[in-house]
Amino acid sequence: MTAHSDRSLPLLVVGGGIGGIATALAMSRRGQAVRVLEQASEFREIGAGIQMPPNAFKAFAALGVLDAIQQVAAYPDDLKFGDMLTGEIVYRAPIDKAFTDRFGYPYGLLHRADILECLVAACRISSLVTLTSGERVTSFQDTGSKVIVKTASGNTYEGCGLVCSDGLWSMARAALVDDGMPRTDGYVLCRGVVPVKDIPEELYSKTVTMWGGPGLDFFHYPLRRHEIFNIGASYYDPDIRPGPHYPTITREDFLKHFKDACPHVKALLQHIDVSRTWVLHHRLPIKDWSKGRVTLLGDAAHPTSIYISQGACMALEDAVILAEIVSQTASIEEAFTRYRDVRYLRTARIQFTSREFGKLYHARGAQRDLRNALLPAAGSTALADMLAWLWGSPLSADSPGYM
């Protein structure tokens with residue numbers, strides 16, 4: 001570890017979600033003391049299931065939690081894409097031994113809460129990590145020699161640097177970058193998590209199945225050792241505007257969006273919870289997310305669309321790479337600048353690629369017909385070949401990761 005002249009204070013992390021806790025754990029494994037400030041009363045993840053491709057498992061291994069994660073994951077047999085209107089599966093990618101051998105790690109399916117629980121448990125073992133809940137950060141100041149953070153409760157914390165993993169609506173991003181509101185393409189997501197025993201046998205599968213429709217998508221896959229079933233559906237609403245709000249919709253109106261869906265999708269739609277919705281947002285890539293002793297991480301830095309399942313993965317990678325660079329660099333300012341430079345193009349390519357996949361899912365008219373004609377002719381490894389740069393890149397500050 002490089003000799004450091006400015007590390008008498010802990011590194012401060014804002015946000016106790018997956019990215020923030022992963023950062024604390026990664027730093028502690030490199031010998032850096034960390035304090036995490038989380039506004040909620042406890043370190044607890046909301047949400048449902050997420051897909052974790054091999055690059056996420058590479059990060060779990062670097063964080064020392066791979067065994068714990070593998071005990072709560074589910075593993076699909078295939079990745080499938082189907083046309084929502086006809087019910088036809090038009091592409092299938094097997095997740096088999098050849099896939100795992102190629103990328104070194106599996107493709108897993110996890111509940112967000114299980115991921116955070118594993119990370120928090122590992123942090124609690126470390127004497128270098130302090131987890132502080134019930135503290136909403138309201139302001140920060142970079143004095144040049146340290147960072148001073150103030151919270152709504154009136155407390156003040158000092159650190160050698162500040163990593164802001166406070167999500168899509170990041171307070172710190174507004175202060176550092178001031179690039180306005182996140183964008184939306186008008187899609188609203190509803191979810192459901194159901195015990196597998198409640199899913200009819202003819203509707204259940206050990207696959208990740210994505211269904212695309214005109215301005216619609218639907219997905220389902222197992223979670224938590226194949227004990228629960230994760231279901232999600234999104235629809236286009238031209239009246240949706242950006243903002244941290246949760247539109248309301250009746251079940252009747254929700255189902256109208258899917259009136260032309262195939263019987264399989266319609267049957268599973270009954271398990272969707274419409275009482276809580278999420279407007280899907282993203283941002284265009286930026287480069288300048290570090291300034292002095294303050295940097296952004298995860299969705300605060302590079303929020304992406306959901307369509308290649310990389311939001312949480314990028315935050316995990318950020319944490320591992322940032323800790324590596326901080327441990328090797330004399331000053332926090334230099335470390336944060338290098339971290340930004342190393343991560344910029346990889347995360348930008350992920351953001352762009354994810355949006356293109358979304359267009360594929362939501363295709364209409366001739367674009368939909370062309371998609372359905374071409375995908376069956378693609379080889380079973382076409383998806384893995386296309387995303388090999390993403391799933392197979394070394395997790396290292398010395399690897400660009402975008403080629």
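Here the structure is a predicted model, which means the values were calculated and not measured.
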What do you reckon, is CD of Q367 surrounded by more than 12 foreign heavy atoms closer than 6.0 Å? no
CD1 of I332 to CG of D142: how many Å apart, nearest 0.5 Å? 11.0 Å
How long is the gap from CZ on R293 to CD1 on I148, to the nearest 0.5 Å? 11.5 Å
Name the orientation class of the two ring planes belonging to W211 and H264 (parallel below 30°, tilted from 30 to 60°, perpendicular beyond 60°). tilted
M52 vs I115, side chain to side chain contact (heavy atoms under 4.5 Å, CB included): CA-CA, chis, key distance, verdict: CA-CA 10 Å; M52 294 271 96; I115 297 173; 3.9 Å; yes
Does E42, at its CD atom, have more than 12 non-hydrogen atoms belonging to other residues, nucleotides or ligands within less than 6.0 Å? yes
For the residue pair F258 and F254, does the interplanar ring angle fall in the parallel (under 30°), tilted (30 to 60°) or perpendicular (over 60°) class? tilted
Would you confirm whether R225, through its side chain, and Q71, through its main-chain N or O, come within 3.5 Å as a donor-acceptor pair? yes
Approximate separation, where rounding is to 0.5 Å, of L284 CG and D179 CG: 9.0 Å
May I ask you to test the E135-S153 pair for a side-chain heavy-atom distance under 4.5 Å? yes
Rounded to the nearest 0.5 Å, what separates atom CG in L297 from atom SG in C164? 9.5 Å
Looking at OH of Y236 and OG1 of T184, how far apart are the two atoms once the value is rounded to the nearest 0.5 Å? 9.0 Å
Taking the side chain as everything from C-beta on, heavy atoms only, tell me whether T132 gets closer than 4.5 Å to Y157. yes
Any Q51 side-chain heavy atom under 4.5 Å of V208 side chain: yes
Any luck finding a side-chain donor-acceptor pair between N55 and Q310 under 3.5 Å? yes
Is there a side-chain contact between H282 and Q351 (heavy atoms, below 4.5 Å)? no
For D253, enumerate each residue passing the side chain to side chain contact (heavy atoms under 4.5 Å, CB included) test, keeping only those at least two apart in sequence or located in another chain. I249, T250, K256
Using a strict cut-off of less than 4.0 Å between a Lys/Arg side-chain nitrogen and an Asp/Glu carboxylate oxygen, indicate whether R136 and D166 qualify as a salt bridge. no
Short side-chain to backbone donor-acceptor contact, E88 and V90, under 3.5 Å: no
Within-4.5 Å side-chain heavy-atom neighbours: P182 and W169: yes
Salt bridge flag under 4.0 Å for residues D299 and R283: no
Less than 6.0 Å separating the ring centroids of H271 and F229? no
Could you tell me whether a side-chain N or O of T347 sits under 3.5 Å from a main-chain N or O of Y344, the two making a donor and an acceptor? yes
Surrounding NZ of K150 (heavy atoms of other residues, nucleotides or ligands, distance under 6.0 Å), is the total greater than 12? no
P94 vs F99 side-chain heavy atoms within contact, under 4.5 Å: no
Say whether, by atom type as modelled, one donor and one acceptor occur between the side chain of T337 and the main chain of E333 under 3.5 angstrom. yes
Does atom CD of Q70 have more than 12 heavy-atom neighbours from other groups under 6.0 Å away? yes
So do L390 and R346 actually touch side chain to side chain, heavy atoms under 4.5 Å? yes
Between R340 and T295, do the side chains contain an N or O donor and an N or O acceptor separated by less than 3.5 Å? no
Does F336 have its ring centroid less than 6.0 Å away from the ring centroid of Y339? no
Tell me, yes or no, whether the heavy-atom count around R44 atom CZ, taken from other residues, nucleotides or ligands under 6.0 Å, exceeds 12. no
Give a yes-or-no answer on whether the side chains of T381 and D385 include a donor-acceptor pair shorter than 3.5 Å. yes
Under 3.5 Å, side chain of H362 to main-chain N/O of Y235, donor-acceptor pair present? no
Hey, is the main chain of K259 close enough, under 3.5 Å, to the side chain of K266 for a donor-acceptor pair? yes
Check N230 against G49 and note the closest heavy-atom contact, atom names and distance. OD1-N, 3.1 Å
Hey, can you tell me if Y361 and Y307 have their rings parallel, tilted or perpendicular (30° and 60° cut-offs)? perpendicular
Salt bridge check, K359 against D217: does any charged N sit closer than 4.0 Å to a carboxylate O? no
I need the L316 CG to F57 CZ distance, nearest 0.5 Å. 10.5 Å
Do H245 and P247 touch side chain to side chain, with heavy atoms closer than 4.5 Å? yes
Got a donor-acceptor contact below 3.5 angstrom from the K58 side chain to the S393 backbone? yes
With under 30° as parallel and over 60° as perpendicular, where do the rings of W289 and H302 fit, or are they tilted in between? perpendicular
